[in-house]
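See structure below.
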Amino acid sequence: MKRRLFIALLMMLCPALSMWAAQVVVQTKSISLVLDVENGQQPKYVYFGAKLNANELQHLQTPVNGRMEAYPAYGLNTPAEAALAMRHTDGNLSSALVAEGVSTEGQLTRIRMKDTVYPIQVDLCLKAYETEDMIEMWTEITNNEKGIVTLTTFASAMLPIRRGNVWLSHLYGSWANEGRVVEEPLEPGIKLLKNKDGTRNSHTDHAEVMFSLDGRAQENTGDVIGAALCYSGNYRLKIDTDDTEYHYFFAGINEDNSEYHLKRGERFVTPPLAVTFSQQGLSGASRNFHKWGRKYRLANGTTERKILLNSWEGVYFDINQQGMDQMMADIASMGGELFVMDDGWFGDKYPRKTDNSSLGDWVVDKRKLPDGIEGLLRDARKNGVKFGIWIEPEMANTTSELYEAHPDWIVKAPKRDAVLGRGGTQVVLDLSNPKVQDYVFGIVDGLMTNYPDSASIKWDANMTILNHGSQYLTMADQSHLYIEYHRGFEKVCQRIRAKYPKLTIQACASGGGRANWGVLPYFDEFWVSDNTDALQRIYMQWGTSYFFPAIAMASHISATPNHTVFRTTALKYRIDVAMSGRLGMEIQPKNMTEAEKALCRNAIAQYKQIRPIVQFGDIYRLVSPYEKKGLASLMYVTEPKGKAVFYWWKTESFQNEHLPRVKMAGLDATRMYKVTELNRIDLQPLPFEGQQFSGAYLMNHGLDVPYRNEPEWSQKNDWSSRVLLLEAQ
């Protein structure tokens with residue numbers, strides 16, 4: 001059936017009651033979501049999984065021993081978990097939602113529900129993405145009562161998942177250790193994943209999960225449901241497993257201290273929950289997220305990313321005109337395309353020398369940069385690279401001219417002193433305030449208006465909301481702070497993108513604090529972590545790749561000993577890891593030897609050849625570092641399967657070690673592929689260099705990769721890695 005989405009209305013005529021029933025089917029090329037919607041009844045889930053044909057849809061079994069309500073409301077079955085709860089104008093805490101209609105427009109299906117007593121309307125919205133096998137789900141809640149209705153629970157969606165041997169995969173971590181993978185079976189009780197940071201939401205947990213339906217997750221086999229809440233703020237993912245036959249998955253904004261007062265006539269729209277289903281394991285679900293994300297949820301997601309040098313780990317706050325010129329010249333000499341000047345360039349009355357002053361005073365420190373940004377752009381043109389700049393526009397320091405002029409602009413609990421963050425002086429600006437929104441937009445607009453040749457912005461956010469309170473919101477609406485902050489943030493981002501759609505903007509938030517599909521419509525990429533250690537990056541980027549494509553993952557070659565963990569790794573190893581994401585450098589080039597620069601120059605040239613494969617290809621994760629087999633391996637394959645890039649990294653080194661041979665995936669079994677090693681440092685080529693192998697052989701057997709790199713004796717070390725280019729002949 002060529003139609004991407006259809007609604008099969010099976011009318012049951014009853015003139016007295018005007019009853020009707022509908023089988024609502026939302027479909028993509030490979031998945032089906034089916035609900036039974038009957039007038040005057042709560043819509044119910046029937047099926048979510050592999051695509052069904054017309055005959056299968058006609059003979060679907062009704063689920064048994066489960067609560068299948070599509071959007072359960074609180075009050076008439078109080079022991080059960082609810083997706084929606086509210087206090088009506090008269091104080092009643094109960095709600096009962098029933099269907100009153102279904103409509104479809106293009107790929108959007110809208111199931112209209114109403115309360116049986118009160119004039120409350122709730123629309124359950126489902127949007128299908130045909131070729132990407134993704135369905136977005138959200139709700140729109142409208143108050144038509146005479147007074148204010150208080151929303152106390154307002155999930156975006158609920159999805160029942162049949163019990164069995166179901167495993168949950170999700171991401172956890174901390175600063176400099178983001179995106180770590182944990183896998184666990186779902187057991188009776190409640191599993192809760194949440195965030196209450198206020199500004200960033202992906203350091204300690206992520207708003208994305210995978211459900212493996214037939215045992216512990218496999219990368220390229222098995223049934224998997226993937227889900228991602230597209231939201232930039234506090235979230236709550238809850239899985240309730242009770243005495244029925246189902247796990248109940250709820251996802252939405254975290255309601256803690258965030259009850260929302262819905263005015264008469266106001267509509268509250270929850271953030272979308274994107275869900276997918278794959279019969280090709282975790283990697284299959286990841287490929288769906290990547291394709292959908294690049295096309296619909298990532299700013300400029302179909303445009304190749306530039307190879308850059310960021311100044312932070314090279315000079316930290318020690319910014320000066322000559323030093324920036326030198327770094328531009330160095331990255332240009334190695335083939336780089338963009339230079340980003342990081343923190344430390346601004347402040348007049350309070351010059352930015354450390355992290356305890358100047359945020360908010362976005363004027364050039366002429367003592368450091370006497371020629372200003374004009375001089376930096378001049379030097380960028382001279383060196384043949386683009387120029388970018390770091391800002392942290394949502395934040396201020398109490399030691400700043402901005403704070404002196406507008407102390408009322410910061411997030412602060414009423415009647416209490418502000419709680420200070422980084423450097424003992426950092427505060428968060430209150431983006432619920434339209435004046436603050438104008439100010440933050442003006443920072444970017446001012447930079448781009450005054451310096452239109454600027455090509456990139458690194459947007460940082462280094463502080464959580466530590467004290468709950470708004471000096472702008474009324475005392476009655478203090479609970480709106482977290483929600484209104486992110487509404488304000490999104491309004492600013494929308495204004496920026498409307499005026500500067502092609503500007504490259506990186507989301508940095510103390511590292512990987514903003515890796516989410518809520519911000520990425522306005523950002524081209526995110527900084528995975530402040531930890532650039534190659535070994536730890538394998539683990540972090542592995543987990544991050546579950547939901548986010550390589551094009552969005554900034555991955556940089558840095559110095560050793562590493563500035564975070566002080567590990568010393570081989571330069572080739574650092575290169576080979578960085579080349580699996582959006583390649584960049586985080587280093588002081590003048591401290592590199594000519595041999596090191598030559599190796600990087602060669603790697604950058606080769607990355608330009610494989611950039612389309614890595615940034616737009618299909619991911620196949622092969623051997624996980626979390627399996628502790630002594631190696632990690634993944635590959636990217638172009639959609640036509642004509643080219644692929646294979647990565648192989650050792651994660652430990654022992655004498656007389658025994659590593660598994662890695663079987664490849666995603667290739668065309670019938671085609672022959674020529675193998676070429678990239679970033680080669682060995683004195684002798686690999687035994688299979690330049691040879692051709694069938695896709696079937698590579699996927700069923702794999703190649704015996706030598707365990708160690710073999711450069712000249714003085715260059716030997718205990719870090720080994722390989723990058724192979726496969727080209728169909």
Side-chain angles (χ1 to χ4, degrees), residues 173-179 195 197-204 206 232-233 298-300 305-306 308-317 319 338-346 352 355 359 362 387-396 421-423 426 428-429 431 440 443-444 447 454-464 486 489 492-493 496 503-533 537 540-541 544 548 550-558 563-564 578 581-587:
S174 183
W175 174 80
N177 191 30
E178 296 92 334
N195 178 269
D197 182 283
T199 54
R200 307 86 46 92
N201 71 10
S202 56
H203 269 132
T204 56
H206 265 251
S232 60
L298 178 65
N300 303 309
R305 303 301 192 248
K306 293 181 174 61
L308 65 85
L309 170 64
N310 186 278
S311 70
W312 178 243
E313 287 192 18
V315 298
Y316 292 107
F317 293 101
I319 298 289
L338 171 66
F339 172 76
V340 178
M341 179 178 65
D342 212 290
D343 199 350
W345 60 269
F346 54 94
R352 180 75 163 178
D355 65 3
L359 290 180
W362 303 106
F387 174 78
I389 197 166
W390 179 97
I391 54 174
E392 192 173 357
E394 298 161 76
M395 311 290 170
R422 184 185 185 196
Q426 189 157 344
V428 180
L429 298 178
L431 276 171
V440 174
I443 294 169
V444 176
L447 284 171
S454 298
S456 174
I457 285 176
K458 181 180 179 181
W459 179 309
D460 215 336
N462 283 306
M463 186 177 169
T464 182
H486 286 277
F489 175 65
V492 171
C493 291
I496 291 170
L503 175 65
T504 298
I505 310 178
Q506 181 191 93
C508 179
S510 296
R514 275 190 172 155
N516 67 69
W517 286 116
V519 304
L520 288 177
Y522 315 108
F523 291 81
D524 300 72
E525 62 182 34
F526 56 87
W527 187 221
V528 176
S529 177
D530 283 344
N531 184 349
T532 55
D533 171 63
R537 273 297 186 109
M540 293 187 287
Q541 292 177 189
T544 304
F548 303 100
I551 193 173
M553 296 180 0
S555 184
H556 292 182
I557 304 163
S558 62
H563 290 208
T564 303
R582 195 277 291 136
L583 177 65
M585 300 187 75
E586 193 88 10
I587 201 168

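Atom set for the values below is all heavy atoms of this structure, side chains included, hydrogens, waters and symmetry mates excluded.
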Worksheet entry | Derivation and outcome, side chain to side chain contact (heavy atoms under 4.5 Å, CB included), residues V444 and I391 | CA-CA 9 Å; V444 176; I391 54 174; 3.9 Å; yes

Worksheet item: Checking side chain to side chain contact (heavy atoms under 4.5 Å, CB included) for the pair W362/L447: CA distance, chi angles, key distance, verdict?
Response: CA-CA 9 Å; W362 303 106; L447 284 171; over 6 Å; no

Worksheet item: Any idea which heavy atoms bring G423 and D355 closest together, and the distance?
Response: CA-OD1, 3.6 Å

Worksheet item: CD1 of I457 to CG of L503: how many Å apart, nearest 0.5 Å?
Response: 4.5 Å

Discussion item. Between W175 and N531, is there a side-chain heavy-atom distance shorter than 4.5 Å?
Written reply: no

Practice prompt. Just jot down the side chain to side chain donor-acceptor pair (under 3.5 Å) partners of S558, sequence neighbours excluded, or say none.
Written response: T532

Practice prompt. Go through the structure and list residues passing side-chain contact (heavy atoms from CB on, under 4.5 Å) with A554, not counting sequence neighbours.
Written response: Q506, E525, W527, H556, R582

Item to complete: Please answer whether the main-chain N or O of D197 pairs with a side-chain N or O of T464 as donor and acceptor at a distance below 3.5 Å.
Response: yes

Worksheet item: Can you list the residues that meet the salt bridge (Lys or Arg N to Asp or Glu O under 4.0 Å) rule with E394, with sequence neighbours excluded?
Response: R514

Worksheet, complete the sentence: Sequence neighbours excluded, the answer for ring pair (Phe, Tyr, Trp, His ring centres under 6.0 Å) partners of W312 is Y316, F317

Worksheet item: If you take all heavy atoms of A299 and P521, which pair is closest and at what distance?
Response: CB-O, 3.6 Å

Item to complete: Consider only side-chain N and O atoms of D460 and N462, and report whether a donor and an acceptor are under 3.5 Å apart.
Response: yes

Worksheet item: With a 4.5 Å heavy-atom cut-off, do V340 and I389 have their side chains touching?
Response: no

Worksheet item: Counting distance only, does the side-chain N/O of T204 pair as donor-acceptor with the main-chain N or O of N195 below 3.5 Å?
Response: no

Worksheet item: Considering all heavy atoms of both residues, which atom of G233 and which atom of N201 are nearest to each other, and what is their separation?
Response: O-ND2, 3.0 Å

Worksheet item: Rounded to the nearest 0.5 Å, how far apart are CG of L520 and CG of L298?
Response: 5.5 Å

Item to complete: Check step by step if side chain to side chain contact (heavy atoms under 4.5 Å, CB included) holds for V519 and C493.
Response: CA-CA 9 Å; V519 304; C493 291; over 6 Å; no

Response to the item:
So OG of S510 and CZ of R422: to nearest 0.5 Å the spacing works out to 6.5 Å

Worksheet item: Can you name the residues that form a salt bridge (Lys or Arg N to Asp or Glu O under 4.0 Å) with D343, not counting sequence neighbours?
Response: R352

Fill in: salt bridge (Lys or Arg N to Asp or Glu O under 4.0 Å) partners for R537, two or more places apart
none

Practice prompt. Could you grab the distance from atom CE of M341 to atom CG of L309, nearest 0.5 Å is fine?
Written response: 12.5 Å

Worksheet item: What residues, two or more places apart in sequence or in another chain, satisfy side-chain contact (heavy atoms from CB on, under 4.5 Å) together with S454?
Response: L377, F387, M448, Y451

Item to complete: Taking ring pair (Phe, Tyr, Trp, His ring centres under 6.0 Å) as the test, write out the residues that go with F339, two or more places apart.
Response: none

Discussion item. Is there a side-chain contact between V528 and S555 in this structure, where contact means two heavy atoms from C-beta onward sitting under 4.5 Å apart?
Written reply: no

Fill in: Shortest non-hydrogen contact from W390 toward W345
O-NE1, 2.8 Å

Worksheet item: With sequence neighbours excluded, what pairs up with F523 under the ring pair (Phe, Tyr, Trp, His ring centres under 6.0 Å) test?
Response: W459

Discussion item. Could you tell me if the side chain of E313 sits less than 4.5 Å from the side chain of I587, heavy atoms only?
Written reply: no

Discussion item. If the condition is side chain to side chain donor-acceptor pair (under 3.5 Å), which residues does T564 pass it with, not counting sequence neighbours?
Written reply: none

Discussion item. Main chain of A515, side chain of S202: is a donor-acceptor contact present, judged purely on distance under 3.5 Å?
Written reply: yes

Item to complete: Please step through side chain to side chain contact (heavy atoms under 4.5 Å, CB included) for the pair D342 and V315, ending with a clear verdict.
Response: CA-CA 9 Å; D342 212 290; V315 298; over 6 Å; no

Response to the item:
Tightest non-hydrogen contact, residues A578 and L583, listed as CB-CD1, 3.6 Å

Worksheet entry | With sequence neighbours excluded, residues passing salt bridge (Lys or Arg N to Asp or Glu O under 4.0 Å) with D533 | R567

Fill in: Pairing residues for H203 by the side chain to side chain donor-acceptor pair (under 3.5 Å) criterion, not counting sequence neighbours
E178

Worksheet, complete the sentence: Heavy-atom closest pair (H486 atom, T199 atom, distance to 0.1 Å) is CE1-O, 3.3 Å

Fill in: Validation row: Y522, I496 side chains within 4.5 angstrom (heavy atoms)
no

Discussion item. With rounding to the nearest 0.5 angstrom, report the CG to CD distance, N310 to E586.
Written reply: 4.0 Å

Worksheet item: Roughly how far, to the nearest 0.5 Å, is the CE atom of M553 from the OG1 atom of T544?
Response: 5.5 Å

